[in-house]
Structures are given as C-alpha cells and as structure tokens.
Amino acid sequence: MADEMMEELRDRVGGIFHCPTEIKAGFSDLAQAYDSQRKQYLSSKLLASLGESEREERVVGIADVDIYVPRLNFVFGEADIVSGTAIVSLCRLRQEYYGLALDEALFLERATKEIVHELGHTFGLEHCSNNKCVMHFSNSLADTDLKEASFCPKCRPKIMPMI
Ligand SMILES: [Zn+2]
Ligand SMILES: [Zn+2]
C-alpha cells in the first residue's frame, strides 16, 4: 500500500485515540501463516508475529492479504487484548476486490473503521449491538459501510481516557 495512504490512516486513527499507536505496513514473514488449501493467511499467526506492545501503547499490523480464522470464511481483522496488538486486512476493503471501480475515499473510510474497531478490542471493548457504532461486528462489507468510525454513547465512556 502506498506510503501516503498509510500516513493518511495514521493521521485519522491518531486523531481518535489519545494513546500512542503504531500502525505498521505489512508483515515481514507472511509465508509462515499461509494456508495453501484456503489460499489465505491465518490471522492469529500474523497477529502473534507482532509480539507484545509496550505498556500503554498499541500496535496494529496492516496486512495486504486475505486473512481468516478457523470456522470463518474470512475476517477483516483480529485483536489480542493481552499483547495490545491487532491486525487489519485491507484485501476485502477495496472496491476492486469485488470487480468494482477503485474508490480511494471509501477505501480509507473502511480501513479507518476496521482499525478503530480492532483498537477498541485491545482496550477491552466487546461487540456492540448498535449498527452505527464502530464496535458493531462486520459480518460483511455492508456492515462496515453502515457503521461510523466513532464509538456510540454506550461504548464511549468505557474507553474514555483513551479517546
Ligand atoms: Zn470485532
Ligand atoms: Zn457501541
């Protein structure tokens, strides 16, 4: 992914959280997580390769490949509350993935929402039933497009010092 896009994502996410967050582009060892039958990458293995974040700090790895967890066809991302790390896949956030014309603005909005969502998990938030809330579970891209990049009035107080 282009450097300017990564910078844009860092700006957007940095404007939401009052917590040092490192957003890393790509993974150094993708091959160890590849499943040749599924032609996808095991999310938890990539997540584990990020190691532990410093206390009070968060790390999000951005994958440009399709990721999965067992029993699900794919995931947009995954978070680990213990290590304070998360992974987000850009693969299915692109219009081109569905044979549609590139839409950079929409892509950036989607990526921001998914990063904020996974960061919310690292702060202990669970899924929210409010479909406008960033913590709503995205079963499909339509869910991602419907929700906003912000926390609803119920979730917000729970992570108040962080946002
Ligand atoms: Zn989630
Ligand atoms: Zn909520």
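Ligands are counted one by one from 1 in listed order, and the atoms in each one are counted from 1 as well.
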*If you look at His117, which of its N/O/S atoms is nearest to the Zn ion (ligand 1)?*
NE2
*For side-chain hydrogen bond (donor to acceptor under 3.5 Å, both in side chains), just list the numbers for Thr122 and Arg58, CA-CA rounded to whole Å, side-chain angles, deciding distance to a tenth of an Å, and then say yes or no.*
CA-CA 8 Å; Thr122 70; Arg58 293 294 183 271; 2.8 Å; yes
_Strictly under 2.8 Å, is the Zn ion (ligand 2) approached by any N, O or S atom of Cys128?_
yes
*At the Zn ion (ligand 1): angle between His127 atom NE2 and His121 atom NE2, to 10 degrees*: 100°
*asked:* For the metal site, I want the angle between atom SG of Cys155 and atom SG of Cys133 with the Zn ion (ligand 2) at the apex, to 10°.
replied: 110°
*Are His117 and His136 close enough that their ring centers fall under 6.0 Å?*
no
*Taking atom types as modelled and ignoring hydrogens, do the side chains of Glu78 and Ser43 form a donor-acceptor contact shorter than 3.5 angstrom?*
yes
*Verify whether one side chain among Gln40 and Asp35 offers a donor that lies under 3.5 Å from an acceptor in the other.*
no
